[in-house]
Amino acid sequence: MLEKIKETASYLQSKMHTSPETAIILGTGLGSLVNEITEKYEIPYEEIPNFPVSTVEGHSGKLIFGKLGQKDIMAMQGRFHYYEGYSMQEVTFPVRVMKELGIQTLFVSNASGGTNPEFEIGDLMIITDHINHFPEHPLRGKNLYGDRFPDMSEAYSKELINQAMEIAAENGINVRQGVYIGTQGPTFETPAEYKMFRILGGDAVGMSTVPEVIVANHARIRVFGISVITDLGVEGKIVEVSHEEVQQAANVAQPKMTTIMRELINRS
Ligand code: HPA
């Protein structure tokens, strides 16, 4: 595995003109941030040795290198979800490669169902912490580097959270903070499951992010995450939910999320 990571990293290094210390996983709600990247250099996933192979033909995504404002960045357009059938090693492989490339800070976004009764559809939630509810741990198995028992006491950088709160206030953007529960999907939750996740301590539940954030912490990469609440898992407010509605709610929140991320990346 370590050999594969190194092989992938050296392939990318042979193609890179920059040495970014910032990586972005362009999840739901951040698609349009791509339009603000300048001096772009793109590499489709299928050209990258050892990168997971897409389950949907023609939708495998790409790595984008370039500048966001003055900052050199690398961005993943398209991530690998556990529910698609990828192993945890595959889901988190790009983050391990990021570490090898010298990435210091990782920015992630996602969509989630709000379990906090104060939340509304379209709200942005800065992720302050997470609960790992995936059936498999991404660090299970031989420890490749770093600590066997990694610390997770500040999985999401407090400094970046504070900066993001300032940016939101400066731009008149209302944001929430809360705990994200990552679970495998692909079903959305039953009302009883939403209730369970609330009792467990979650403010929102989604199907991504937690594996990548665990591996980033293990690699001592600083993390900032933000989630768009696309539906509500709150008793009395639960209605049928579809992927299209999730996308639609995320699109409405997209400009606010893009502003926060762009400014935060520039200042970090
Ligand atoms: N549950 C899980 N994942 C999600 C949800 C949800 O309600 N909304 C968007 N992603």
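Atoms within each ligand, like the ligands themselves, are counted from 1 in listed order. Note that the structure is a prediction, hence the values are computed from the model and not measured.
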Applying a strict 4.0 Å limit to heavy atoms, is Ser112 in contact with ligand 1?
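Yes; Ser112 lies near enough to ligand 1 that a heavy-atom distance drops under 4.0 Å.
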Name the option, out of Ser208, Gly206, Ala249, that contains the heavy atom nearest to atom 3 (N) of ligand 1.
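When every heavy atom of Ser208, Gly206, Ala249 is considered, Gly206 comes closest to atom 3 (N) of ligand 1.
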Starting from [atom], locate the nearest protein heavy atom and write down its residue, its atom name and how far away it is, to 0.1 Å.
atom                   : result
atom 4 (C) of ligand 1 : Val205 O, 3.7 Å
atom 5 (C) of ligand 1 : Gly113 N, 3.3 Å
atom 8 (N) of ligand 1 : Asp231 OD1, 2.7 Å

Are side-chain N/O atoms of [X] and [Y] paired as donor and acceptor at under 3.5 Å?
X      : Y      : answer
Thr22  : Thr105 : no
Asn110 : Thr209 : yes
Glu212 : Thr92  : no
Asn171 : Thr259 : no

After noting the C-alpha distance and the side-chain angles of Tyr82 and Glu90, does the key distance pass the side chain to side chain donor-acceptor pair (under 3.5 Å) rule?
CA-CA 9 Å; Tyr82 189 73; Glu90 290 172 315; over 6 Å; no
For [X], the ligand 1 atoms whose distance to one of its heavy atoms is below 4.0 Å:
X      : value
Ala111 : 9 (C), 10 (N)
Thr230 : 8 (N), 9 (C)
Glu189 : 1 (N), 2 (C), 6 (C), 7 (O)

Using 30° and 60° as the class boundaries, would you call the ring planes of Phe51 and Tyr45 parallel, tilted or perpendicular?
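Tilted: the ring planes of Phe51 and Tyr45 meet at 30° to 60°.
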